[in-house]
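Okay, so here's the structure we're looking at.
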Amino acid sequence: MQSPTVMEAEDEVLQVLEVCEAIEEVKELIVTNLEEDWHTNSPPVESSAPGSKLSQDDNWGETTTAVTGTSEHSLSQEDIVRITKDLEDSVGLDCRRYFTLTLAVILGLLVFLTPLAFLVLPHLLWPEKLQSCGTACEGLFISVAFKLLILLLAVWALFFRPPRAGLPRVFVFRALLAVLVLLFVVSYWLFYGVRILDSQDENYQGIVQYAVSLVDALLFIHYLAIVLLELRQLQPCFSVCVTRSTDGEIRHYNLGQLSIQRAALAILEHYYCDFPVHNPALLSASKSRAAKHLAGLKVYNVDGEFPAAPAEGPGNNAAAGLAHSQSRAMIAAAARRRDTSHNELYYEEAEHERRVRKRKARLVVAVEEAFTHIKRLQEEEQKKAPGDVMDPREAAQAIFPSMARALQKYLRTTKQQHCHSMESIQQHLAFCITNNMTPKAFLESYLAPGPTLQYSRDHWLARQWTLISEASVTSGLKDGSIFLLKCVDFSLVVTTKKIPYIQMSEEYIDPKSHKFVLRLQSETSV
Amino acid sequence: MSTYTPGQPVTAIVQRIEIHKLRQGDNLILGFSIGGGIDQDPGQNPFSGDKTDKGIYVTRITPGGPAHEAGLRMGDKIMQVNGWDMTMVTHDQARKTLTKKNEDTVRLLVTRKSLEDAVKNSMGTYPRQ
């Protein structure tokens, strides 16, 4: 058993290493941005314009002052954007949510109290004129009571669910149903008011039957609500293809007939389960390659024509043509030069693959060895335990240092180290030990990037999604409709295809028709 | 006929038969029918002693035809045709080898049970020297 002081020192060392690594990453991000801005600005800037030079300086200043973190509480630009968005949007959304909630409550109360009011009002207003309620009439009371109870349960089941999302536009079917119910109840009240209250009808049985018919009709409207809201989209009608814009991950889903905003919601729920977590560290390599492509060429204009202003407006045809020919010259030159970057990429990838496999082998061995150090105590042994018995968390802390180094090296090689904190790793280890999992089961969540749900909540960086669509978001999905779901780091491109009509025919095979025979000797005359 | 063990050379007592093809209109015919081959079912061969023998056998002889006159008999196993091996060929290959249009005669090596018996009988009466 290691002494506690030794363990703490190791923990601190590992923690410090982790922080330094995070800062290096952020710096790398800044540097690539810098290169990108510089190189994209350079060709038109070549020939003068102090204005554009200033813009280049501005970009430079902006990106370097964003982060100078040397403490543990450094924030990247992404975090800042996310926090400000959260603040400004939470207020607006709550207002809208409460408004719809109050409307729904009012409508519900109206619906439930109306039949009761119909039954009670005659007794209050003209009790002496009212005919007494016979047996059939009292039977109808039971019917009204039970139907109201069923309606209450059904409405609770269908509508009283916590809202899963805030959609940009109103939910069309729900709005239609609410309007329908309101119109219906209002028309019943009108009839009641005119024909029964004004004339003070004595036939109480008729009034009770009127109330029963109201409750029946409400139950049928509820049936309509189930069909429109729940059943209609169950049958798959469209196949959507979802692509992530940063790394090209593609998934396909089958959806029914939904409006675009509801389809987007369904897709997002699948996104959190199916797509591997977005890892920006994996994209830096292609960005640096792109920067290198643009770095090699500079355009010099030897003809003496200087574009005085940026090529905007119909009058600047000369400048536009010049910029156009410059870009074409660049493309031609880039195509002609002997580029060996493909070679570097190939060898780099092969080397990386080898390194990952070596680290993985070391990690697997370290973890397996670590797991052999602890043993679960059975019930009988627990009573006569010699002492130094640990609970899962302490056991995890005891065996963690022996595998910590190998695990961290592996995570760094696969650029996953920012997804897993030491605390989360130890928690996961305690969890695996408690549930008798093997070392392989413990390692699976680190060997490959899992879905976003698997990681801690601060990796769900985007709970705010923007739906970008050319068609109206309350219109239904159609064949060939395309829309985007944008979040801070990336966007999901969704394309729709209609599932074709399948024509199936049958062919009957008699089970007795399976007969076989040996091949005959063929005889040929020569 | 000798039984064939895989990997060992096939030995058999053979008779040389030379058949001159007869011209009938556009065709050159030999006057017999063959059966067997490595792509056929050997169990259905009525003439073979060993039912796993996939060789080419003579199944019918046209009476009075060139094959009959040359001495070919029904049930003969054809071992060679003009030097081409017939013990391990497909049925179609055998047919093609026999019916080559540019050859007027075919020289066959055939074997039959009676040949072996005859040789055994003759060897039995005289001691080996």
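Proteins come first, then strands; the chains are lettered A, B, ... in the order of their sequence lines, and each starts at number 1.
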Go through the structure and list residues passing ring pair (Phe, Tyr, Trp, His ring centres under 6.0 Å) with H428(A), not counting sequence neighbours.
F442(A), Y446(A)
Side-chain ion pair, R354(A) and E351(A), N-O less than 4.0 Å:
yes
Just to be sure I understand the criterion: a residue of residues 95-109 of chain B counts if one of its heavy atoms is under 4.5 Å from a heavy atom of chain A. Which ones qualify?
R95(B), L98(B), T99(B)
R112(B) side chain near Q15(B) side chain, heavy-atom distance below 4.5 Å:
yes
Partners meeting salt bridge (Lys or Arg N to Asp or Glu O under 4.0 Å) with E444(A) (sequence neighbours left out)
K440(A)
Under a 3.5 Å distance rule, please check whether R23(B) uses its side chain to pair with a backbone N or O of L28(B) as donor and acceptor.
no
Side chain to side chain donor-acceptor pair (under 3.5 Å) involving R376(A) - partner list, sequence neighbours excluded
N436(A)
